[in-house]
Amino acid sequence: MTDQTTLTVHGERQLAALTAQLFGETTREFFCAANDLHTWTRPEARDTIVRRLRPRTAEGMVVRKLYTPAVLADEEQRLHLFDVAAAGGQVRVRAATLPHETIIIDRRVMILAGRSGARGREFTITTAPSSSGASTP
């Protein structure tokens, strides 16, 4: 993706194909906010992202995860939280549900998940700065 690009894709396969390289290029910070780990229908994609990011944490990259209490519902999800924390990631659980899942990579790329439709779930990917000029979280 080039600077100041915003595009929308449909379906997790299309998202993965377009963003796979971005996850491998993450150097400073990876932020993910989601209600739980089951928001993605392709858990193998999550596993691939984890494998790509894990070596970066040893190099000082910060991983931040924000979830709702739904992530505590089963053991697999709880173990994931412990794995993230054991690798040096920061994990928070908040009481309110999140309206959309969001991923922010190095404060330069944002992926916002939308609703499912006839062509699959919609995802907006942007490298454009906000119109207000405010910095990202």
Side-chain angles (χ1 to χ4, degrees):
M1 292 184 64
T2 60
D3 288 340
Q4 300 190 24
T5 299
T6 299
L7 61 115
T8 299
V9 299
H10 297 275
E12 291 179 20
R13 288 191 191 282
Q14 189 178 10
L15 175 70
L18 203 67
T19 61
Q21 185 176 349
L22 291 173
F23 292 106
E25 294 174 351
T26 306
T27 58
R28 295 178 311 164
E29 182 179 45
F30 178 84
F31 171 79
C32 176
N35 287 315
D36 60 36
L37 296 178
H38 298 301
T39 59
W40 302 97
T41 60
R42 299 181 63 225
E44 69 279 4
R46 182 179 62 240
D47 295 339
T48 300
I49 291 168
V50 168
R51 279 194 309 277
R52 289 182 176 170
L53 293 178
R54 191 169 301 270
R56 305 286 181 164
T57 60
E59 299 168 0
M61 182 189 69
V62 176
V63 173
R64 292 186 173 94
K65 301 274 191 134
L66 174 65
Y67 292 108
T68 67
V71 78
L72 305 173
D74 67 62
E75 186 173 3
E76 177 188 352
Q77 293 188 77
R78 289 189 303 272
L79 290 174
H80 175 74
L81 300 183
F82 288 125
D83 287 345
V84 169
Q90 301 169 10
V91 178
R92 291 187 66 187
V93 176
R94 62 172 273 159
T97 59
L98 301 168
H100 301 283
E101 293 81 34
T102 304
I103 293 173
I104 301 173
I105 300 171
D106 288 341
R107 297 185 185 205
R108 62 181 176 80
V109 177
M110 182 191 70
I111 302 167
L112 180 65
R115 297 178 186 203
S116 293
R119 298 188 307 169
R121 193 165 186 200
E122 183 177 280
F123 297 92
T124 300
I125 308 161
T126 186
T127 58
S130 69
S131 60
S132 67
S135 61
T136 56

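Computed from a prediction, not measured in an experiment: that's the story for all the values here.
Note on residues 102-126: pairs passing ring pair (Phe, Tyr, Trp, His ring centres under 6.0 Å), not counting sequence neighbours, are Trp40-Phe123.
Test Val9, Ile104, Leu15 against Ile111 for side chain to side chain contact (heavy atoms under 4.5 Å, CB included) and you get one pass: Leu15.
Taking the side-chain contact (heavy atoms from CB on, under 4.5 Å) definition, one finds that Glu59 meets it with Arg56, sequence neighbours left out. With sequence neighbours left out, Arg115 forms a side-chain hydrogen bond (donor to acceptor under 3.5 Å, both in side chains) with no residue at all. Looking at residues two or more places apart in sequence or on another chain, you find no side-chain hydrogen bond (donor to acceptor under 3.5 Å, both in side chains) involving Thr8. Partners of Glu25 under the side-chain contact (heavy atoms from CB on, under 4.5 Å) rule, at least two apart in sequence or in another chain, are Gln21, Leu22, Arg108.
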*Does the pair His38 and Asp74 meet the rule for a side-chain contact (heavy atoms from CB on, under 4.5 Å), with working shown?*
CA-CA 11 Å; His38 298 301; Asp74 67 62; 3.3 Å; yes
*Residue pair Leu18, Ile125: steps toward the side-chain contact (heavy atoms from CB on, under 4.5 Å) verdict*: CA-CA 10 Å; Leu18 203 67; Ile125 308 161; 3.7 Å; yes
Using atom types as modelled, flag every donor-acceptor pair under 3.5 Å from a side chain in residues 81-100 to any protein atom, sequence neighbours excluded.
| unit_1 | atom_1 | unit_2 | atom_2 | d |
| --- | --- | --- | --- | --- |
| Gln90 | OE1 | Arg64 | NE | 3.0 |
| Arg94 | NE | Ala96 | O | 3.3 |
| His100 | ND1 | Ala113 | O | 3.0 |

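Formation of a donor-acceptor pair under 3.5 Å by the Thr126 side chain with backbone atoms of Thr5 is found in this model. Looking only at distances, a side-chain donor or acceptor of Gln77 sits under 3.5 Å from a matching main-chain atom of Leu37.
For the atom pair Thr124 OG1 and Leu7 CG, the distance stands at 8.0 Å (nearest 0.5 Å). Taken from CZ in Phe31 to CD1 in Ile103, the straight-line distance is 10.0 Å, to the nearest 0.5 Å. Taking CD of Glu12 as the reference point, atom OG of Ser116 lies at 8.0 Å (rounded to 0.5 Å). The line from CZ of Arg119 to CD of Gln14 is 8.0 Å long, rounded to the nearest 0.5 Å.
Of all heavy-atom pairs spanning Arg78 and Leu72, the tightest one is NH1-O, 2.7 Å.
Checking Asp106 against Thr27 by side-chain atom types alone, a donor-acceptor pair falls below 3.5 Å.
With a 4.5 Å cut-off on side-chain heavy atoms, Arg28 and Met61 do not count as touching.
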